[in-house]
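Each ligand, and each atom within it, is numbered from 1 in the order the structure gives.
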Amino acid sequence: MSAIQITPNVFAVGVKDPELRIFDIVMPTEFGTTYNAYLIKGEKVALIDTVKAGFTVDYLANIEQIVPLRSVDYLIINHTEPDHSGSITELLSRSPKLQLVCSGAALPFVKNVINGEAEIMTVKDDAVIDLGGKQLIFKMMPYMHWPDTMMDYLPEDKILFSCDGFAAHICGESIWDNEEPRDLMHEFKYYYDAIMRPFSGYIRRNLPKLDALDIAMIGTSHGPILRKNPLQYIDLYKEWTADRVKTKRVIVFFASNYGNTKQLAEIIARDLTNDGLVAELVDLTICPADMAREFIETSAGVVIGTPTFNGDAPKPVWDLVGLFPTVYSIGKKAAVFGSYGWGGEGAKLVADRLSGMKLKLYPEPYRARLVPSDEELSELSKFTAELAKFFG
Ligand code: FEO
């Protein structure tokens, strides 16, 4: 891809990766992707981001179609994930007066990328760099989707450079959204679900920073530039990141082989409901992943019941646990229980994993051996009474 002029003194200088079929190890990318970068020419020259290593030669060639590399003044580093920072070191070696600009959170990452000397300026919210005839205004967007993330606004051209925000993995013939023949909205949502959804709570808090900006175009880091109704994409992020937690809702997930863990689950759900919560039972062996995600995101807390098979929790339980990092679950209240035969390790292992994912965990799992005895059921009553206070 050659450099493409997008406004009189702003150019797209990124590269295409049409063959990419897996992004970040886990995300299938049927339509490849692009690593977008931008060049802004005022009296001074600024670059927004670099590209993935392996594409550096094309990236540098694109820049040189506009200006000599030695004349670039600033490299704005919106985010240091290697798909955008992979050419920084090479650019530094070719651009002797280059000043790097990044968020404070990005500073240690930038140092770890370049592993050498460079002039680095950190910026905060609303900081301005005057390029002479054009200004760049910075907006910190932590955890969208890394702690270092920031966006940049160019008021003279009404362009928001949005980093990974509002992106999509599409590698099209055209750089423009309105010339993309595939279903951009579908890919936009797919990207949000895979990359942004786990950080929805952070994104929700930061999106209002964009409200005062007059945005005519969004230059993302992947996929088409958004110029046909760009605000709709911001509005969709606001909709998708809205807080949907129902404050009394507690989901009692369970998997049960012989009915003992199910019996405990039913008692817990009944007692929590009697204590004023809205507890719902969900059998993990028949609950689709999308529905389980929805339960997690909309509940104030979760209780997970697991038996123990061969010293471990069974797969449906681990499948559920594996969903927590795919949604915004930090600080969500959780508790674990289960029936077991001899070892009883399953509940403890699940509790340890949830704790490791920074959920707010009720201290000790409740466990009962095989068919719950009267004494164990009495202990369960105490457990649910404490749980009601924990979730309440
Ligand atoms: Fe496109 Fe988070 O890197």
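Taking the six-membered ring for Trp and the full ring otherwise, the centers of His222 and Phe23 sit less than 6.0 Å from each other. In this structure, Trp240 has its ring center closer than 6.0 angstrom to the ring center of Phe188.
Considering only residues two or more places apart in sequence or on other chains, Glu386 meets the side chain to side chain donor-acceptor pair (under 3.5 Å) condition with Lys389. With sequence neighbours excluded, the residues satisfying side chain to side chain contact (heavy atoms under 4.5 Å, CB included) with Ser162 are Met151, Leu160, Phe166, Ile218, Thr220. With sequence neighbours excluded, no residue forms a ring pair (Phe, Tyr, Trp, His ring centres under 6.0 Å) with Phe391.
Paired with Phe254 under the rule side-chain contact (heavy atoms from CB on, under 4.5 Å), one option of Leu264, Leu284, Asp283, Ile268 passes, and it is Asp283.
Excluding waters, the set of protein N/O/S atoms under 2.8 Å from atom 1 (Fe) of ligand 1 reads Asp83 OD2, His84 NE2, Asp164 OD1, His222 NE2.
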